[in-house]
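Take a look at the following structure, please.
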Amino acid sequence: MKTSNYYSVTLLHWYDRHHRELPWRITPVAAKAGFFANPYHVWLSEVMLQQTTVQAVKPYFAKFLSLWPKVEDLAAAPSGDVMAAWAGLGYYARARNLKKCAEAVANEHGGIFPDTEAGLKALPGIGDYTAAAVAAIAFNRQAAVMDGNVERVISRLFTIDAPLPGSKPQMKAKVAELTPSDRPGDFAQAMMDLGATICTPKRPACALCPFNSHCLALAKDDPERFPVKAPKKTKPVRVGAAFVAVTPDGEILLRRRIETGLLGGMTEVPTTAWTARIDGGTTPDHAPFPGDWQACGQIVHVFTHFELRLAVYRLSHEKIDTEGGDWWEPVTNLEAQALPTVMKKAIVQAIPLAFSKL
DNA sequence: CAAACGTGGCT
DNA sequence: TAGCCAAGTTT
């Protein structure tokens with residue numbers, strides 16, 4: 001395989017001077033000296049970074065390493081603890097697969113991550129991108145790493161007019177062609193850093209780009225036009241109701257959602273069935289038990305593929321026996337629960353001080 | 001293969 | 001502000 005090329009040499013030179021320093025990385029100097037990043041750290045960060053910003057990931061990454069310093073610790077953790085720690089980061093299937101993957105590595109691979117793309121991709125929650133990224137970054141394998149940043153850089157450099165996602169194979173071939181055998185991990189991270197800091201979706205800083213003399217989009221087109229994407233569909237609106245029952249002792253009624261689908265395995269207050277492609281009712285008829293439910297406004301939450309409007313109701317009520325895995329939780333302990341953001345919003349709508357430290 | 005799957009920040 | 005976007009994977 002070709003060792004290097006104009007693009008890899010140029011980009012790695014830029015990366016040596018302009019790389020971002022991130023908690024899960026080692027420096028280019030250390031990498032060139034033969035050190036390797038911790039595969040557990042690289043894997044954990046890559047999963048968290050799927051469709052998620054660096055800024056959002058940083059505190060979660062620190063929290064996870066603090067709670068579970070090694071992959072065996074994560075494998076041994078109760079899944080409820082993992083879901084609670086992930087709460088707020090979104091795409092909760094990632095957390096469920098994270099746990100499964102940790103168990104597989106700990107129990108079937110002796111606590112050692114596979115060091116090949118194929119071996120990594122066989123694990124839960126690791127797809128094309130993550131397998132290549134971990135192989136390249138943690139094991140210095142010559143893997144072609146392509147994420148949204150790389151798609152943007154490549155599509156602009158070579159003015160790829162075909163729309164995504166159909167053009168992925170073509171772009172992946174380009175990335176494979178450019179990825180050097182020397183420092184493939186740094187090359188991958190450099191492509192992503194370039195996309196994140198210079199070759200940005202809007203108003204790219206072409207004047208600062210190491211490729212500005214070779215970029216076809218800059219030379220003869222509009223860089224912002226790339227990558228070309230299929231048009232988006234409009235978001236439907238769904239409605240439903242959420243019910244916040246509070247006891248005189250300050251406990252509220254919670255339950256756990258089923259393991260699959262939207263917010264799978266996460267905790268919620270009782271709601272109408274708004275998930276199942278149908279609108280749930282918005283009236284207190286659908287409450288978990290009868291009572292003088294007080295309307296306390298509406299919350300709006302935007303998911304990836306629909307907008308949800310939930311009517312929120314509150315009821316002060318003596319604690320009653322629960323059924324089917326529901327339970328009463330002290331309001332003072334809500335922070336420790338696996339509550340997704342939409343549920344925190346609903347609770348705050350009913351109990352404005354629920355999450356304040358008073 | 002198209003659709004499902006969260007959230008917060010930025011323009 | 002309404003929409004776009006972020007280190008994608010699974011079904």
Side-chain angles (χ1 to χ4, degrees), chain A residues 20 22-25 37 41-61 83 86-98 100-101 120-138 143-153 163-166 168-169 172 175 185 188-197 199-204 224 227 229-238 257 259-266 268 275-277 300-308 338-345:
Chain A
R20 287 181 293 176
L22 300 170
W24 44 86
R25 277 188 178 173
H41 296 187
V42 173
W43 162 74
L44 179 61
S45 68
E46 290 300 343
V47 173
M48 288 182 166
L49 286 162
Q50 291 166 5
Q51 297 290 285
T52 308
T53 58
V54 165
Q55 178 184 327
V57 163
K58 279 182 176 174
Y60 284 85
F61 179 79
M83 299 310 286
W86 195 279
L89 200 55
Y91 282 151
Y92 298 100
R94 292 184 295 170
R96 302 194 297 271
N97 285 329
L98 189 82
K100 289 183 200 160
C101 184
L120 288 159
K121 205 184 161 185
L123 294 166
I126 298 188
D128 285 335
Y129 163 75
T130 305
V134 175
I137 297 169
V145 176
M146 190 171 74
D147 73 327
N149 288 304
V150 179
E151 287 169 358
R152 193 166 53 252
V153 172
L164 284 169
K168 274 194 177 187
K172 180 85 175 265
V175 177
Q189 295 177 95
M191 287 287 278
M192 296 190 279
D193 277 16
L194 187 70
T197 64
C199 195
T200 49
K202 303 294 177 190
R203 301 176 55 111
E224 276 194 24
K229 294 185 177 179
K232 317 236 160 168
K233 295 175 179 171
T234 58
K235 259 174 215 195
V237 174
R238 288 187 210 162
R257 294 175 62 83
E259 287 299 309
T260 55
L262 190 66
L263 309 179
M266 300 296 285
E268 67 174 2
T275 293
R277 291 190 176 80
V300 176
H301 189 78
V302 181
F303 291 101
T304 306
H305 51 301
F306 68 96
E307 175 183 314
L308 177 65
L339 287 164
T341 299
V342 61
M343 292 302 154
K344 288 189 177 178
K345 280 189 193 174

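In what follows, every heavy atom counts, from backbone to side chain, and hydrogens, waters and symmetry copies are set aside. The sequence lines fix the lettering, A, B, ..., with proteins before strands; numbering per chain opens at 1.
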Requested in this report: Verify the contact: side-chain N or O of A:H305 to OP1 or OP2 of B:dC5, cut-off strictly under 4.0 Å; return yes or no.
Outcome: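 So the side chain of A:H305 is within the cut-off, an N or O lying under 4.0 Å from OP1 or OP2 of B:dC5.
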**Report entry** Protein-nucleotide distance (A:K168, atom NZ; B:dA2, atom C1'), rounded to Å
**Finding:**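 One finds 13 Å between C1' of B:dA2 and NZ of A:K168, rounded.
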Query raised in the report: Is the A:Y60-A:W86 ring centre distance short of 6.0 angstrom?
Result: no
Query raised in the report: When all nucleic acid strands are considered with a 4.0 Å heavy-atom cut-off, which category describes A:V145: base, sugar-phosphate, or nothing?
Result: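 No contact.
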Query raised in the report: Which residues satisfy the salt bridge (Lys or Arg N to Asp or Glu O under 4.0 Å) test with A:R25, sequence neighbours excluded?
Result: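 Scan of A:R25 (salt bridge (Lys or Arg N to Asp or Glu O under 4.0 Å), adjacent residues dropped) gives A:D193.
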Query raised in the report: Using a cut-off of 4.0 Å on non-hydrogen atoms, how would the nucleic acid contact of A:L89 be classed: base, sugar-phosphate, or nothing?
Result: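 Base contact.
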Query raised in the report: Which residues pass the side-chain hydrogen bond (donor to acceptor under 3.5 Å, both in side chains) test with A:E151, sequence neighbours left out?
Result: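 Once residues adjacent in sequence are excluded, A:E151 has no partner under the side-chain hydrogen bond (donor to acceptor under 3.5 Å, both in side chains) criterion.
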Query raised in the report: Just how far, in rounded Å, is C1' of B:dT7 from CZ of A:F306?
Result: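 Taking CZ of A:F306 and C1' of B:dT7, I get 13 Å after rounding.
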Query raised in the report: When all nucleic acid strands are considered with a 4.0 Å heavy-atom cut-off, which category describes A:W24: base, sugar-phosphate, or nothing?
Result: base
Requested in this report: Give one of base, sugar-phosphate or nothing for A:L22, where a contact means two heavy atoms less than 4.0 Å apart.
Outcome: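 Here A:L22 touches the bases of the nucleic acid.
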Query - Along DNA chain C, first and last positions that approach a heavy atom of chain A under 4.0 Å - result: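 The contacted stretch runs from C:dC5 to C:dT10.
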Requested in this report: With sequence neighbours left out, write down each residue that passes side-chain hydrogen bond (donor to acceptor under 3.5 Å, both in side chains) with A:E307, or none if nothing qualifies.
Outcome: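 Expected list: A:R309.
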Query raised in the report: Of all the nucleotides listed (B:dG6, B:dA2, B:dT7), which has the minimum atom distance to the side chain of A:Y91?
Result: B:dG6
Query raised in the report: Contact class for A:T130 vs. all strands (heavy atom < 4.0 Å): base, sugar-phosphate, or nothing?
Result: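 A:T130: backbone/sugar contact only, no base atoms under 4.0 Å.
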Query raised in the report: Is there a donor-acceptor contact under 3.5 Å from the side chain of A:R96 to the main chain of A:G265?
Result: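 Flag not set: sc A:R96 to bb A:G265 has no pair under 3.5 Å.
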**Report entry** Protein-nucleotide distance (A:K235, atom NZ; B:dC5, atom C1'), rounded to Å
**Finding:** 11 Å
Distances for protein N or O near nucleotides 8-11 of chain B N or O, under 3.5 Å:
{"unit_1": "B:dG8", "atom_1": "OP1", "unit_2": "A:T341", "atom_2": "OG1", "d": "3.4"}

Requested in this report: Can you tell me the distance, in whole Å, between the CZ atom of A:R257 and the C1' atom of B:dC5?
Outcome: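 That distance rounds to 12 Å.
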Query - Any residue meeting side chain to side chain contact (heavy atoms under 4.5 Å, CB included) with A:T341, in chain and number order, not counting sequence neighbours - result: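 Applying side chain to side chain contact (heavy atoms under 4.5 Å, CB included) to A:T341 gives A:H301, A:K345.
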**Report entry** C:dA7 to B:dA2 separation - C1' atoms, rounded to the nearest Å
**Finding:**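 Going atom to atom, C1' in each nucleotide, I get 23 Å.
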Query raised in the report: Got a sec, which residues hit salt bridge (Lys or Arg N to Asp or Glu O under 4.0 Å) with A:E259, two or more places apart in sequence or on another chain?
Result: A:R256
Query - Residues which pass side chain to side chain contact (heavy atoms under 4.5 Å, CB included) with A:Q50, listed by chain and number, not counting sequence neighbours - result: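 So A:Q50 forms a side chain to side chain contact (heavy atoms under 4.5 Å, CB included) with A:V47, A:R94, A:T130.
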**Report entry** Most 5' of A:K121 and A:V54 on DNA chain C, judged by nearest nucleotide
**Finding:**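 Looking at the nearest nucleotide for each, A:V54 comes out on the 5' side.
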Requested in this report: Please work out if A:R25 contacts a base, only the sugar-phosphate, or nothing of the nucleic acid, heavy-atom cut-off 4.0 Å.
Outcome: base
Query - Partner residues of A:K344 under the salt bridge (Lys or Arg N to Asp or Glu O under 4.0 Å) criterion, sequence neighbours left out - result: A:E335
Report task. For A:G195, answer base if it contacts any base atom (sugar-phosphate contacts may also be present), sugar-phosphate if it contacts only those atoms, and nothing otherwise; contact means non-hydrogen atoms under 4.0 Å. Result ->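 The residue A:G195 makes no contact with any strand.
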Report task. Scan A:P165 against the nucleic acid and name what it touches under 4.0 Å (heavy atoms): base, sugar-phosphate only, or nothing. Result -> nothing
Query raised in the report: Hey, which of these two, A:A133 or A:G125, hits DNA chain C nearer its 5' end, going by closest nucleotide?
Result: A:A133
